[in-house]
Every structure is written in structure tokens, then in C-alpha cells.
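Lettering follows sequence order; numbering is per chain, from 1.
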Amino acid sequence: MAKITYIEHDGTEHTVDVKPGLSVMEGAVKNNIPGIDADCGGACACATCHVYVDQAWRDKTGSASAMEESMLDFAENVEPNSRLSCQIKVGEDLDGLVVRMPESQH
Amino acid sequence: MSEQRVVIVGAGHAGGSAAAFLRQYGFAGPIVLIGEEPIPPYQRPPLSKAWLKGEADADSLALKPLEFYAEHGMDLRLNAVAVSINRGEQVVTLADGQTVPYDVLILATGARARKLPIPGADLAGVLELRTAADAEALKAAIGPGKRLAVIGGGYVGLEAAASGRALGAEVVVVEREPRVLARVACETLSTFFQDYHRDRGVVFELDAGVEAFEGEGGRIVGVRLSDGRLIACDAALVGVGATPNDELAKDAGLECAGGVVVDEDARTADPHIFAIGDVAHRPLPLYDRMFRLESVPNALEQAKQAAAAIAGRPAPAPETPWFWSDQYDLKLQIAGIPFEADQVIVRGDPAEARFAVFHLKGDRLLAVEAVNAPPEFMAGKMLIAQRKAVAPEKLRDMSVSMKNVAA
């Protein structure tokens, strides 16, 4: 299990255990954490699972694919550490990961 | 407020999401979620795609883990069929005679696959695809060398055809219209998808009627076309559209017009009853019209509308309807509805499998259909919502970025 902390835009923190193999998005949705809508269920089709990856974790979460980049290009409030959480696979190496949510999803 | 008891009939994507949103929005009262299927709410889109190809398991299909419902104080009743609503007494009656009282009722009964009223429709091997159980039967029927006939060239049919080919099955798609996706996409898109499927071994019978399913020993052996030819097959998937499950509402005297009629909060004329998802006939402010939409984004949007109204939260902003489909390595994303469009603009080259079709009325963008073109989809969706004037010559010009077009 990997402990992941999701921080809502208003500062509310949720720390949950996520099974390796799931995506960071699935970890949020299965735990009913508000702020990650994930309308398309992880098909990289909607950009409603946008998160900011905590600086300390940017290397371990890897970089966005071309498809993800072009979706993010048109999401709101995009920052250099923006990712679509459906595209980050959880492994034991992400134990302790912290992600923050934007004010609203696209 | 929190004393109210919410009963949700239908534990699909819409019903399950409404329950989850109610808790997210701070609603603390009792929630009863009634579903006909034996399993808790799950995602249907992967049934014709990742799940069919063995790339997703039951756990990943589930909307929430099983414990979720008890942990959040929800009374999840599976294998339970609602048979009537008594609006005067505010009670739902189940098939086993149990009664479930409600203060607020959400109808999320979905739609069912339309059947073909032709001989042989009840043969073993004549399949449909709505539920996980349907998908199990289809999966068993499409191994290497198996022959699958798909009746209906809509999204379900084409996605199943693509998955069938990926699994090594032979696939014939029979379509009544002269082109696939005739009711849901433009001609450029239809032609593109037909060619793409043909190049990957799918055979099309277009403009073709189906006369009967022929069987031996109670099992299908072929599909008889109107012109007399027999398409031999081991199984047939019928994907010819869906019918809303609005009988409960109709019998209870609620207005139905090809779906249960609701307002912008997803509420029916009865203030205690909402209807959401595939079963709802709902207004779309963007187009100033009523629609019944069969899509996950629509189910989620209406689940939010109902949950917000019940929990006393502000209504979500009016949405741009959208839809997606995955076939082979193609990602199709559609936003908007090309209702009353008078101009069609193609951006990019279908031959490169990366293009978008824009539908405009005057200088207003109504809809975009994008194939492997996320910028076109995302910018298009934004422009549709903003109702801003767009310059057609910029849309057509690939050297102008979509960021620039949308600016």
C-alpha cells in the first residue's frame, strides 16, 4: 500500500492507502475524495482529474505523455507541476505522495 | 434537511454517483440505493473496450469499493427490482413485496438494449451489451478464429468490433443505414471509421437489413440478410440503440417523452422525485432544447444536479455535453451537438488519423468531433461553452494553433 495525501483547494487534507497498480485518480475516486471528478474513468479524455504534484515528488511521478500534455494545455489554472492523476500509476515508490487540487476541474 | 430519506432506484453510473455526490456535498441523511444487478455500481464504458480485451478487472470497473457503501451509511440493496411508486404515500414497492418509504426519490433506471423483433432473436449466442453479465457472454464468444456478427454500426457495435479484432475474432458489421454512426456522427467521421475498421479486417454490410437469426439446436449459426444471403457466425451482438426504462415513472403518472421529463435540477414535476442519466429527458441550456443523452458525462452531470438540489448546494454550471470512444489506437472525443449547423469545417487530415470536424452555425461553434486531436477537442469544448464567435478560416488552418483560435 502507498499512503497518498490529497489536499483540496480549500486546504482540507485526505490521507488514504492506495493499492499499487491503481492510478492516483482511482485512489481518490474509490475513497470518495471531492475535487477529482474523473468523468472519463481514466481514459485520458476529459482533464477532470487535474492535480498539482508536490515539488518533492515530481521526479518519481515521471512526466506527462504527449496526449496528456495536450489535454493539460487546455485545462484551467495549469502550473509546471500539473498532471492528470489518471496517468500516474501508484507503486510502493510513491508511498508518501502529496498532490493538491486546483480550484475547479475543467 | 438531514432528516430526509433519499431513495435511489437504479444502481448504475448515475445512481451510484448521485449517492456518492450526496455525501460529498454534506448530505447526512439515510440513503437507500436499489439495484437490479447482483453487483454494486460499476463503469460500463470499459465493457466494450479495456474489460473485453482483458485489460481491466472487476475491481477496477467498480465505481467504489464494496465497503464504501456501509462506511458511508448507505443501504445498498442488490438484486432488487422496484415495481411501483406510490407518490401519494411516498413509497416504492419492490418485486418481493417490500416497501421502501422515501422523502426524496431519484429515478436512475437507465435504458435497456433495443431488441430486434425478428425470428431467432431468442437463440443462444444472440447477445447484447449493457451489463457486466452481457459482457461476460460476449467475451466468451470472441476468441481467436470465432466469427462475430455485429448488428448495428453504432458506438457499441464498433467498439466491440475493434475489441473482437484485437482478440483475433472475425467480425462482420451489419448496418441498416448506408454508413456507420449515421445517427450520431457526421459523414466524414463515418467514412473514416469504416476505412479504419476495414483496414483492420472488419467486413461491413451497409444498407443491409436483417431478416432473421438462423440456428441449429437452439444456437445461432448465422444472420439472414434481407437480400437472402447468410452471414455465418458463432455469435451475434445486437447493438441497435436503447430504450429508456421509464415505465415506473409513467405508471406513477409522471410526464414522459422518450424518457422522464425533468428540469435543470433534474427534478420532475413532482418536487419529491428526480430522474437522472439515460432515463431522463432533460433541458440543455446551451441549446435551449430538451434531450435524452446516453453517456457517462451526462449521468455524472445530472447526478451532481440532483445531489446539489437535495443537499441545498448551488447548482453546477451548465455543461457542454461530451462523449468519447476508444477504438484500436483511436481516441474519438465529441463535444456539443451539431444541431442546426450550417457549416462544417475539417481541420487536419483523416488519412493521418488525426483530425477534427467542427460544426458551426454562423460564427458560433456548436460541436466538435476530434480523432486523436485533444487540443481541438479541449479548445472546441471551451468555445462551445463560451458561445464566442470563431473565425472559420483560423479553424481550418493547421498553422494557427488551437490556443490561438480559442484566444
Exercise for the section: Could you tell me which portion of B/Pro375 (side chain, backbone, both or neither) has an atom closer than 4.5 angstrom to a non-hydrogen atom of chain A? Expected result: both
Problem - Polar side-chain atom of B/Lys403 near backbone of A/Asp73 as donor-acceptor pair, under 3.5 Å - result: yes
Handout entry: Greatest number of heavy atom pairs closer than 4.5 Å to chain A - which of B/Ala62, B/Ser17, B/Pro297
Key = B/Ala62
Problem - Residue pair A/Glu26 / B/Ser60: nearest heavy atoms and the distance that separates them - result: OE2-CB, 4.1 Å
Practice task
Assess whether atom CG of B/Asp329 is packed by more than 12 heavy atoms of other residues, nucleotides or ligands within 6.0 Å.
Solution key: yes
Practice task
Might you point out which heavy atoms bring A/Ala45 and B/Gln333 nearest each other, and give the distance in Å?
Solution key: O-NE2, 2.9 Å
Problem - Non-hydrogen side-chain atoms of A/Asn32 and B/Glu71 separated by less than 4.5 Å - result: no
Completion exercise
Nearest heavy-atom approach of B/Lys304 to A/Asp37 is NZ-OD2, 3.3 Å
Practice task
Would you check, one step at a time, whether the test side chain to side chain contact (heavy atoms under 4.5 Å, CB included) holds for A/Glu76 with B/Met382?
Solution key: CA-CA 11 Å; A/Glu76 282 166 42; B/Met382 202 156 45; over 6 Å; no
Exercise for the section: Tell me, for A/Ile33 versus chain B, whether the close heavy atoms (under 4.5 Å) come from the side chain, the backbone, both or neither. Expected result: backbone
Practice task
Search all heavy atoms of B/Val296 against all heavy atoms of A/Asp39 and return the closest pair with its distance.
Solution key: CG1-O, 3.4 Å
Handout entry: Donor-acceptor contact below 3.5 Å, side chain B/Lys331 vs main chain A/Ala43
Key = yes
Handout entry: Structural part of B/Phe377 lying under 4.5 Å from a heavy atom of chain A
Key = side chain
Handout entry: Reported CG-to-NZ distance for the pair B/Asp59 and A/Lys19, which is rounded to 0.5 angstrom
Key = 4.5 Å
Practice task
Check step by step if side chain to side chain contact (heavy atoms under 4.5 Å, CB included) holds for A/Cys46 and B/Trp322.
Solution key: CA-CA 9 Å; A/Cys46 69; B/Trp322 75 279; 3.3 Å; yes
Practice task
For residues A/Val29 and B/Lys64, determine if any side-chain heavy atom of one lies less than 4.5 Å from a side-chain heavy atom of the other.
Solution key: yes
Exercise for the section: Taking all heavy atoms of A/Lys30 and all of B/Phe68, pick out the closest pair and write down the distance. Expected result: O-CD1, 4.4 Å
Practice task
Please round to the nearest 0.5 Å and tell me the distance separating atom CZ of A/Phe74 and atom CE of B/Met402.
Solution key: 6.5 Å
Fill in the blank from the handout: With chain A, the option among B/Ala335, B/Ala20, B/Ala50, B/Ala299 that has the most non-hydrogen atom pairs under 4.5 Å is B/Ala20
Practice task
Let me know if B/Leu332 has heavy atoms under 4.5 Å from chain A in its side chain, its backbone, both or neither.
Solution key: neither
